[in-house]
Amino acid sequence: MYAEAGSTGAVISGRRTFELAGRWNGDHHDGVPIHVLTHTIDPADKPPGSAKFYTDVNACADEAREAAGDRAVLVHGAGAARALLAAGQLDELELHLVPVLLGDGRRLFEATELGNIELEPVRRLEGRDVTHLRYRVVHQERRSHRGIVHLSTST
């Protein structure tokens with residue numbers, strides 16, 4: 001798991017996650033570019049380090065893939081994941097299941113206009129007090145593989 005996180009070429013984060021993480025002080029995974037999905041951009045708010053704000057989910061995903069090259073793009077945050085999924089930009093979903101019920105936060109699995117989304121199991125790893133689950137998103141139309149986007153979230 002740590003090797004995979006370390007091989008990340010770019011990060012996409014939702015704005016809420018970005019703020020809760022203290023903006024990662026402008027550095028995530030040793031300087032990889034941080035692409036932050038947000039509803040609005042305040043021109044006076046200059047993101048730190050390599051971070052850049054986006055309101056367009058497709059532009060965000062395309063630029064993150066370009067920045068990552070042949071490496072993976074890691075996605076943080078349920079809101080960003082849902083937006084990427086709705087845009088057909090999410091290729092894989094990874095969940096880290098821990099035995100804690102959080103009383104707050106944003107739901108990853110809410111009813112959407114997308115209907116049912118099929119997932120194919122890719123991997124299941126059992127760790128101490130955590131189960132790592134990875135799924136491939138089955139897209140309705142077969143399209144060329146544009147690069148893997150991983151969602152990493154704890155639920």
Side-chain angles (χ1 to χ4, degrees), residues 1 4-97 102 104-123 132-155:
M1 298 301 303
E4 286 178 7
S7 68
T8 297
V11 172
I12 296 175
S13 175
R15 180 64 178 257
R16 182 173 185 265
T17 300
F18 181 66
E19 297 299 341
L20 288 172
R23 298 179 165 210
W24 290 295
N25 292 320
D27 184 26
H28 192 293
H29 285 93
D30 294 325
V32 300
I34 303 168
H35 301 76
V36 182
L37 268 174
T38 184
H39 294 286
T40 59
I41 299 173
D42 176 357
D45 184 5
K46 301 294 181 203
S50 65
K52 183 177 177 186
F53 294 133
Y54 296 83
T55 56
D56 182 304
V57 66
N58 290 308
C60 181
D62 291 345
E63 289 189 31
R65 280 190 175 96
E66 184 178 324
D70 62 350
R71 297 165 63 191
V73 177
L74 177 68
V75 179
H76 283 299
R82 283 198 319 257
L84 290 161
L85 192 59
Q89 294 279 3
L90 194 68
D91 297 315
E92 290 190 356
L93 180 71
E94 186 157 332
L95 303 173
H96 309 289
L97 184 63
L102 301 175
D104 201 5
R106 182 173 287 159
R107 292 181 185 178
L108 176 59
F109 303 112
E110 285 189 341
T112 69
E113 67 281 353
L114 300 174
N116 293 338
I117 298 169
E118 288 186 49
L119 303 175
E120 293 176 350
V122 173
R123 179 181 71 198
H132 306 283
L133 304 166
R134 179 178 287 179
Y135 299 95
R136 185 171 295 109
V137 177
V138 179
H139 296 282
Q140 294 303 319
E141 75 285 348
R142 292 289 172 191
R143 59 178 170 75
S144 62
H145 185 71
R146 295 180 293 186
I148 296 172
V149 176
H150 295 286
L151 162 66
S152 180
T153 187
S154 297
T155 54

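Please read these numbers as outputs of a predicted model, since none were measured by experiment.
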Per side-chain contact (heavy atoms from CB on, under 4.5 Å), Phe53 is matched among Ile34, Asp42, Leu37, Ile41 by Ile41
Aromatic ring pairing Trp24/His76, orientation class (parallel under 30°, perpendicular over 60°, tilted between): tilted
Between CZ on residue Arg123 and OH on residue Tyr135, distance to nearest 0.5 Å: 12.0 Å
Taking His132 for its side chain and His96 for its backbone only, find out whether a donor-acceptor pair lies under 3.5 Å. no
Point-to-point distance, once rounded to the nearest 0.5 Å, from CG of Leu119 to CZ of Arg136: 11.0 Å
Which residues pass the side chain to side chain donor-acceptor pair (under 3.5 Å) test with Asp45, not counting sequence neighbours? Arg15, Arg23
Between Ala10 and Ala64, what is the shortest heavy-atom contact and its length? CB-O, 3.5 Å
Distance-minimising heavy-atom pair for Gly31 and Ser50: O-OG, 4.2 Å
Using every non-hydrogen atom in the two residues, find where Phe18 and Ala51 come nearest and quote the distance to one decimal. CZ-CB, 3.8 Å
Using a 4.5 Å cut-off on heavy atoms from C-beta on, say whether the side chain of Leu84 contacts that of Val57. yes
Do any N or O atoms from the side chain of Arg71 and from the backbone of Thr8 form a donor-acceptor pair under 3.5 angstrom? yes
Would you name the heavy atoms of Gly77 and Thr17 that are closest together and state the gap between them? CA-OG1, 3.3 Å
Euclidean distance, Cys60 SG relative to Gln89 CD, rounded to 0.5 Å: 9.0 Å
Any Ile12 side-chain heavy atom under 4.5 Å of Leu74 side chain: no
Identify the two heavy atoms, one from Val137 and one from Glu92, that lie closest to each other, and give their separation to 0.1 Å. CG2-N, 4.3 Å
If I compare all heavy atoms of Ala68 with all of Val73, which pair ends up nearest, and what's the gap? CB-CG2, 3.7 Å
At what distance, to the nearest 0.5 angstrom, does CD of Glu94 lie from CZ of Arg134? 4.5 Å
Run the salt bridge (Lys or Arg N to Asp or Glu O under 4.0 Å) test against Glu66 and tell me which residues pass, sequence neighbours left out. none
Asn25 side chain vs Asp27 backbone, donor-acceptor pair below 3.5 Å: no
